[in-house]
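Read the structure below first, then the notes.
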Amino acid sequence: MLTAFRNFSKYRYLLYELIKKDIKLKYRSSVLGVLWTLLEPLLTMIVLTVVFSGLLGKGDESFPVYILCGRLLYSFFSTGTKTALKSIRKNASTIKKVYVPKYMYPLASTMSSYLMFLISLIVLVGVVLYEKVTITTAIIGSIVPLILVFFLTFGVGLILSVLDVFFRDLEYLWTVVLMLIMYTCAIFYKVESLKSITNEWIFKINPLYSLIVNFRNAIFGRPLDMYHMWYAMGFSAVVMLIGSFLFYKKQDKFILYI
Amino acid sequence: MPENIVEIQEKPKKKKPKKKVIEVTGLGVKFNMAEQKVDSLKEYFIRLVHRKLKYKEFWALKDVSFTIRKGDRVGILGLNGAGKSTLLKVIAGVLKATEGTVTVKESVVPLLELGAGFDKDYTGAENIYLYGSMLGYKREFINEKFDEIVEFSELGDFINVPVKNYSSGMRARLGFSIATIVDPQILILDEVLSVGDAKFKKKSANKLKKMMKDGVTVLLVSHQSEQVRQICNKAIILDHGRLVDSGKAEEVCDRYEESYINKK
């Protein structure tokens, strides 16, 4: 444990460099640069609002804010897991030649996605102000889903990064699973507004939905939902454990397959 | 008590053996050579159903044991596929031993394939930081040595050009300059002594000579015995993953030439 920690601190600077590289290269060839991180969720929010604004009915909640909360968390989960999935194979040539702790690659890619996600929260702040949503002290609760979503994404990303080394077609399979997750996240509709929900359980088992529910609660000034909080926390802890264990067990075999 | 005193007095008399820096005992590395590589889920399940998941085992190294002391320059001889590069990879830490142990006591700089850690979209300057961080350097250290690295690589203005536009010689020059800036204690050379053009070759050879004079431990892989004679003081021969000979470089090289090169 102590040696693992010492090893981590030795390669701390590498982590920083890898995150910097991800972000730098992502925006190098784009004219708008980091501004794109803000523009992209804003544009999708506008599209979704225009298309689906009938679905929510005449509530007193701001629909754009409602959409944006779900959309931002989902898109972090989606890009975070997708980049982590590819992280080992993408760095294959380096892994074969230079020793570095291999978990640095999925960790760096998740952290750089997380950083972009935190920046994109500025859009949410802007829209909340524009829509005049009243912020209460409940906003402090938003820290919980914001932290948990990182561990959920990193845990899932670790598992995927290992499996991807052995099964190359996982990438395509995961795109399908991500789509399923998106539709059960209730990003642009309310679960209660579905007329006859026969499969309500599907929302109860989606940990990302649990996080989105509580993130919305915090933004709209409601207390956190305890079931969803504990469920998301438990789920994140379990995937982190499985991910770390799997990665630790299989990392020495990577070089034989990549 | 008196025994202790005797021992202390005895020590300076002996020709002191230098510190062991690399110890390899009973090393074995096994590969699974799948007859047909299964790397997709679809294929995996089809084969699982048909019970066709067969693996062929292959030992790239078996029962290899040796010790390297500080300042030794060891040549690793062997024909293609003898396990030379596998051995270096295990010592460099990128490959894990299947059995046996490898203990490396000092910092290793692998010059396995120069510029392997480069990102092609990054400029040379950015890659100095990236590759440096992979070798475990600190940022302050790279800041300090940055000019020296650029100067040694002779890249000039090209340092601000993405590496994908470099020639292979330029890449190798930059890789060599970054890797050798630290004065490593153990240097691993995998036939990289022919880096760049004639001028840079001479420069890099001089740099390596200087390092050797300073007492760096060298591991050199080669199938040319002349190179080993020039650089090394000790040598080992690998044959199909087994250690078949070891000793003084000259003698081992003679035997290597006799039994492997002139035989046919």
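Per chain, numbering begins at 1; letters A, B, ... match sequence-line order. Worth knowing before you read on, the calculation uses all heavy atoms, side chains too, and leaves out hydrogens, waters and symmetry mates.
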- Looking at B/Asp121 and A/Arg28, does any basic side-chain N land under 4.0 Å from a carboxylate oxygen? no
- Query: Under the 3.5 angstrom rule, does the side chain of A/Ser78 hit a backbone N or O of A/Tyr74 as a donor-acceptor pair?
  - Reply: no
- Item | Under 4.5 Å from any heavy atom of chain B - which part of A/Ile95 | backbone
- Message: Can a donor-acceptor pair be found, under 3.5 Å and without considering hydrogens, that links the side chain of B/Asp72 to the backbone of B/Thr217?
- Response: no
- Message: Take a 6.0 Å sphere around NZ of B/Lys105 and say whether it holds more than 12 heavy atoms from other residues, nucleotides or ligands.
- Response: yes
- Among the options A/Asp164, A/Leu25, A/Leu170, A/Val100, pick out the one with the most heavy-atom pairs lying under 4.5 Å from chain B. A/Leu25
- Name the option with the most non-hydrogen atom pairs under 4.5 Å to chain B; the candidates are A/Lys10, A/Lys20, A/Lys21, A/Gln251. A/Lys21
- Task: Please look at A/Lys253 and chain B and tell me whether the side chain, the backbone, both or neither of the residue comes under 4.5 angstrom of a heavy atom of that chain.
- Result: neither
- Item | Part of A/Phe254 within contact of chain B (heavy atom distance under 4.5 Å) | neither
- Item | Most chain B-contacting option - heavy-atom pairs closer than 4.5 Å, from A/Arg12, A/Met104, A/Lys24 | A/Lys24
- May I ask you to decide whether A/Glu171 forms a salt bridge with A/Lys82, counting only side-chain N to carboxylate O separations under 4.0 Å? no
- Residues, nucleotides or ligands: over 12 heavy atoms within 6.0 Å of A/Phe151 CZ: no
- Please look at A/Tyr13 and chain B and tell me whether the side chain, the backbone, both or neither of the residue comes under 4.5 angstrom of a heavy atom of that chain. both
